[in-house]
Amino acid sequence: QVQLVESGGGLVQAGGSLRLSCAASGRTLRNYAMGWFRQAPGKEREFVGAITRSGGSTYYQDSVKGRFSISRDNTKNTVYLQMNSLKPEDTAVYYCAAASRYLSAARYYQRKETFDYWGQGTQVTVSS
């Protein structure tokens, strides 16, 4: 069992930056692929980005490419989501998630069903 706790959310002006952290306990994160998802009011939870177990590859939703960056520090059991050039449409609750199975293709990282464990989420609000 993996417990995930997100932090770092808050209120920021458009064009600003935030770094979200996802700290894990219970198991070492090195055995898990990690994803970030977000959910805005009235909308479905959507894929933001993901990182492989080793950190060697990352995947992003088109709307955040070039602005968001995912990294991981397996020694600290933590995954990060660096968000730059934030826009009001980035406003949402952000969730990190862990997948225990081996993922052989990028498309699997984009599916909520792939991930076994979820954090409680952290609110990000971007004002215009």
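In this text the structure is predicted, and so the values were computed from the model without any measurement.
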Report the residues that fulfil side chain to side chain contact (heavy atoms under 4.5 Å, CB included) with S7, sequence neighbours left out, ordered by chain and then residue number. S21
Test side-chain hydrogen bond (donor to acceptor under 3.5 Å, both in side chains) applied to N74 - qualifying residues, sequence neighbours left out: R72
Test your reading of the model: is there a side-chain donor-acceptor pair from E6 to the backbone of Q120, 3.5 Å cut-off? yes
Taking the side chain as every heavy atom from C-beta outward, state whether K87 and R67 have any atom pair closer than 4.5 Å. yes
Would you indicate whether the side-chain heavy atoms of L20 and T122 approach each other to under 4.5 Å? yes
Kindly write out the residues that satisfy ring pair (Phe, Tyr, Trp, His ring centres under 6.0 Å) with Y60, not counting sequence neighbours, or none if the list is empty. none
Report the C-alpha distance between L103 and R111 in whole Å, list the side-chain angles of each, state the deciding distance to 0.1 Å, and finish with yes or no for side chain to side chain contact (heavy atoms under 4.5 Å, CB included). CA-CA 11 Å; L103 305 178; R111 300 175 182 171; over 6 Å; no
Can you tell me if R27 has over 12 outside heavy atoms packed within less than 6.0 Å of its CZ? no
Could you list the residues that satisfy salt bridge (Lys or Arg N to Asp or Glu O under 4.0 Å) with K76, not counting sequence neighbours? none
Distance-minimising heavy-atom pair for P88 and S128: CG-CB, 3.8 Å
According to ring pair (Phe, Tyr, Trp, His ring centres under 6.0 Å), does anything in residues 15-41 pair up with another residue at least two apart or in another chain? List the pairs. F37-F47, F37-F115, F37-W118
Minimum heavy-atom distance between Q3 and Q1, given as atom pair plus value: NE2-CG, 3.2 Å
Does any part of the side chain of E46, heavy atoms only, come nearer than 4.5 Å to the side chain of R38, both counted from C-beta? yes
pair L29-T78: side-chain heavy atoms closer than 4.5 Å: no
State, without any angle test, whether E89 and T91 hold a side-chain donor-acceptor pair at a distance under 3.5 Å. no
Any donor and acceptor pair, going by atom type alone, linking the side chain of Q61 with main-chain N or O of K65 inside 3.5 Å? no
Rounded to the nearest 0.5 Å, what's the gap from OG on S69 to CG on L81? Could you check? 8.0 Å
Nearest heavy-atom contact between V2 and A24 is CG1-CB, 4.2 Å
Exceeds 12 heavy-atom contacts within 6.0 angstrom, atom CD of E44: no
Run L18 and V124 through side chain to side chain contact (heavy atoms under 4.5 Å, CB included) and show every step you take. CA-CA 9 Å; L18 283 175; V124 171; 3.9 Å; yes
Please step through side chain to side chain contact (heavy atoms under 4.5 Å, CB included) for the pair T125 and V12, ending with a clear verdict. CA-CA 6 Å; T125 303; V12 63; over 6 Å; no
Answer with yes or no whether the hydrophobic clustering places V79 together with Y117; edges join I, L, V, M, F, W, Y residues whose side-chain heavy atoms lie under 4.5 Å apart. yes
Only counting residues at least two apart or in another chain, list the ones meeting side-chain hydrogen bond (donor to acceptor under 3.5 Å, both in side chains) with R19. none
State whether the side chain of R53 and the backbone N or O of S100 hold a donor-acceptor pair below 3.5 Å, judged by distance alone. yes
Which residue pairs satisfy the ring pair (Phe, Tyr, Trp, His ring centres under 6.0 Å) criterion with at least one member in residues 66-99, sequence neighbours excluded? none
Would you call V126 and Q13 a side-chain contact if the rule is heavy atoms closer than 4.5 Å? no
What pair of heavy atoms forms the shortest contact from T114 to Y108, and how long is it? OG1-O, 2.6 Å
Sorted by chain and residue number, the side-chain hydrogen bond (donor to acceptor under 3.5 Å, both in side chains) partners of Q82 (sequence neighbours excluded) come out as N84
Qualifying residues under salt bridge (Lys or Arg N to Asp or Glu O under 4.0 Å), relative to R30, sequence neighbours excluded: none
If you link I, L, V, M, F, W and Y whenever their side-chain heavy atoms are under 4.5 Å apart, who else ends up in the same group as Y102? none
Are any non-hydrogen side-chain atoms of Y59 and I70 less than 4.5 angstrom apart? no
Non-neighbouring partners of S127 that pass side-chain hydrogen bond (donor to acceptor under 3.5 Å, both in side chains), sequence neighbours left out: none
Sequence neighbours left out, what pairs pass disulfide bond (SG atoms under 2.5 Å apart) with at least one residue falling in residues 16-116? C22-C96
